[in-house]
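First the structure, in the form of C-alpha cells, and then the observations on it.
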2 protein chains.
Amino acid sequence: MEQINDIQVVPCTNSNYLKPFRVHYSQNGTKKSWDFMRTHDSVSVLIFNTTSHCFILVKQFRPAVYMCEWERTKAPEPAMQAGVEEEGAAIPETPISEIPQQEAVATAGGVKTPQPPGSAGMTYELCAGLVDKADLSLEEIARQEVLEECGYDVPVAKLRRITSYSSSVGVTGAKQTMFYAEVSDENRVGEGGGAPQEGELIEVVKVPLHEAMTFAYDESVPKTMGVIFSFIWFHNNMSPKYKISTNV
Amino acid sequence: MEQINDIQVVPCTNSNYLKPFRVHYSQNGTKKSWDFMRTHDSVSVLIFNTTSHCFILVKQFRPAVYMCEWERTKAPEPAMQAGVEEEGAAIPETPISEIPQQEAVATAGGVKTPQPPGSAGMTYELCAGLVDKADLSLEEIARQEVLEECGYDVPVAKLRRITSYSSSVGVTGAKQTMFYAEVSDENRVGEGGGAPQEGELIEVVKVPLHEAMTFAYDESVPKTMGVIFSFIWFHNNMSPKYKISTNV
C-alpha cells in the first residue's frame with residue numbers, strides 16, 4: 001500500500017475536482033473579492049467496536065499530505081508557492097518541476113531532497129464521506145461510508161450526532177457533521193477498504209481504547225483534527241460507560 | 001461589519017491564491033492521479049484571558065462559508081457543483097450565475113432563494129495565521145497573529161504547543177499547529193482587528209469560561225473545529241487550575 005513512485009507534478013488548469021470561483025462583494029461599503037472553491041458538505045464517523053474496545057479508523061495515502069511533507073523536508077525554507085488565506089501573499093510563477101521516476105529528488109536552495117517514503121503521505125482519519133446524494137439523509141450517507149470503508153453494517157438509528165462545524169473556512173467553507181457509532185464484531189459484514197473502482201485504497205485500522213489518548217496527542221502519527229477531537233469527546237462523554245483509566 | 005451586498009460570483013481561471021496542481025503517481029504499481037492545491041502550513045492560538053476569565057476568539061466574514069450557506073438554503077437539494085474528494089464525482093459544467101445587487105436571488109429547482117444576511121458568513125475562529133515567513137519560528141508567527149488580530153502582546157515563551165495535525169487532507173494536506181496562550185488585560189496593547197490594508201476586518205470576541213462548553217456544542221453558532229477542540233482541551237487540561245464547573 002505504501003509503494004509510491006513515478007511521481008510527476010504538473011500545473012492543473014482544468015481540474016474536475018478543484019474549480020476556483022471568485023466572489024466580488026461589498027462589506028460595509030468596501031468592495032472586496034475572494035477566491036474560493038465549491039465542494040460538498042461532508043460527514044465523518046467515530047466508530048467504536050464494543051467487542052474489542054477499539055476505535056476503527058481509516059488510513060490512506062493522501063497525495064496532498066505527501067506533497068506537503070516533501071516540501072517540508074526542503075527545510076530550512078518552507079518554499080510554498082501558493083498563499084491561500086492571506087490577501088497580500090505573492091505567488092511566484094515558477095512552475096513546479098516534473099519529478100521523474102522513483103529516485104526523484106526535489107531541489108530547494110540548491111539542496112537536493114530525496115523523495116520521502118510513501119508512509120509520509122499515509123494519514124489516519126475518521127471514516128468519512130461527501131454529502132453528494134440529495135435523496136439521502138446525513139445519517140444514511142454516514143451509514144454507507146461505514147459499510148463501504150470499514151465493513152460494518154450500522155443501523156441508522158444507532159448513529160449519534162456529535163456536532164457540526166465549518167471546515168476550510170478560507171477555501172471551501174463546507175459544513176462537516178460528525179457522528180458516533182458503536183459497532184460490534186457481529187456488525188462486521190465485509191472487509192471495507194473503500195471503492196477500488198473509484199481509486200480508493202483504504203486500510204481499516206484499530207486503535208485500542210487504552211492507547212487512544214496517547215495516539216491522539218502523538219504528533220509523529222499523521223492524522224486529522226477529527227481523530228483527535230473525537231477521541232477526546234469519547235473520553236469525556238463515554239468514559240463512565242467504558243471505564244477509561246487514561247488521563248488526557 | 002455584517003452589511004454584505006453587491007454579490008457577484010464568477011468562475012476564476014487564474015487565481016493568485018488557489019492554484020490547482022495535478023500529481024501523477026503509482027501506488028503499488030497502479031497509476032493514479034490526484035488534484036491538489038499547495039498552500040502554507042498554519043498556526044492557531046487558543047487565547048485565554050486570566051483577568052476576565054474569557055476566551056479570546058476572532059469573528060470574521062468568510063465568503064466561502066457564506067456561499068455554502070446560501071447554497072444550502074436552496075434545499076432540499078444541496079446542488080453543489082464540485083466534488084473534491086470523491087474520485088467519481090461528476091462536475092456539471094454549468095457556469096455559476098452572476099448575482100447582481102443586494103436583492104439578489106439564486107434559483108435552484110425553480111425556487112428562488114433570497115440572499116441570506118451577512119451574518120450567515122460570520123464565523124468564530126481561533127486566532128490564526130499562515131506560516132509564510134521562513135525566518136520566523138511557529139511560535140513567533142503565532143505571537144504576531146495574536147498581536148495583529150487580537151491586540152495582545154504575548155511573549156513567545158508563554159506559548160504552549162497543544163498539538164499538530166493535517167488539515168484538508170483531500171485538497172491541501174497542510175499542517176496546522178495549535179498553541180495555547182494565557183494573557184491578561186495588562187498584555188492588551190492594541191485593538192487587534194487584523195490588517196485592513198490586506199482586506200482583513202476581524203472582530204475580537206470574548207467567550208466567558210463558564211459559557212465555553214455550551215458555546216462549543218451550539219451548532220447554531222458557526223465555528224471551526226479548532227474552537228470546539230481547543231475549548232475541550234482547556235476543559236480537560238486547565239480545569240483544575242481554573243475550577244470549571246461546567247460539564248462537557
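The sequence lines fix the lettering, A, B, ..., with proteins before strands; numbering per chain opens at 1.
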Q) Do Thr123(B) and Ser166(A) have side-chain atoms, one donor and one acceptor, less than 3.5 Å apart? A) no
**Q.** Ring centre gap for Phe61(B) and Tyr25(A) strictly below 6.0 Å
**A.** yes
Q: Measure the CD-OG distance between Gln8(A) and Ser26(B) for me, rounded to the nearest 0.5 Å.
A: 12.0 Å
(Q) With rounding to the nearest 0.5 angstrom, report the CZ to CG distance, Arg72(B) to Asp41(A). (A) 4.0 Å
Q: Drop me the distance from Gln60(B)'s CD to Gln27(A)'s CD, to the nearest 0.5 angstrom.
A: 9.0 Å
Q. Taking atom CE of Met225(B) and atom OG of Ser168(A), what is their separation to the nearest 0.5 Å?
A. 10.0 Å
Q: Could you tell me which of Arg22(B), Glu69(B), Lys223(B), Lys175(B) has the largest number of non-hydrogen atom pairs under 4.5 Å with chain A?
A: Arg22(B)
(Q) Set out, in order, the CA-CA distance, both residues' side-chain angles and the distance that settles side-chain contact (heavy atoms from CB on, under 4.5 Å) for Leu201(A) and Asn28(B), then state yes or no. (A) CA-CA 10 Å; Leu201(A) 182 55; Asn28(B) 293 345; 4.3 Å; yes
Q.
For the interface with chain B, which of Arg161(A), Lys32(A), Met178(A) has the highest count of heavy-atom pairs at distances below 4.5 Å?
A. Arg161(A)
Q.
Could you check whether any side-chain heavy atom of Ile232(A) comes within less than 4.5 Å of a side-chain heavy atom of Phe229(B), counting everything from C-beta outward?
A. yes
Q: Check whether Lys31(A) gets within reach of chain B through its side chain, its backbone, both or neither, counting any heavy atom under 4.5 Å.
A: neither
Q: Could you grab the distance from atom CD of Glu219(A) to atom OG1 of Thr163(B), nearest 0.5 Å is fine?
A: 4.0 Å
Q: Taking all heavy atoms of Val169(B) and all of Ala64(A), pick out the closest pair and write down the distance.
A: O-CB, 3.8 Å
**Q.** Under 4.5 Å from a heavy atom of chain B, the part of Ser167(A) involved
**A.** neither
Q. Between atom CG of Leu18(B) and atom CZ of Phe36(A), what is the distance when rounded to the nearest 0.5 Å?
A. 9.5 Å
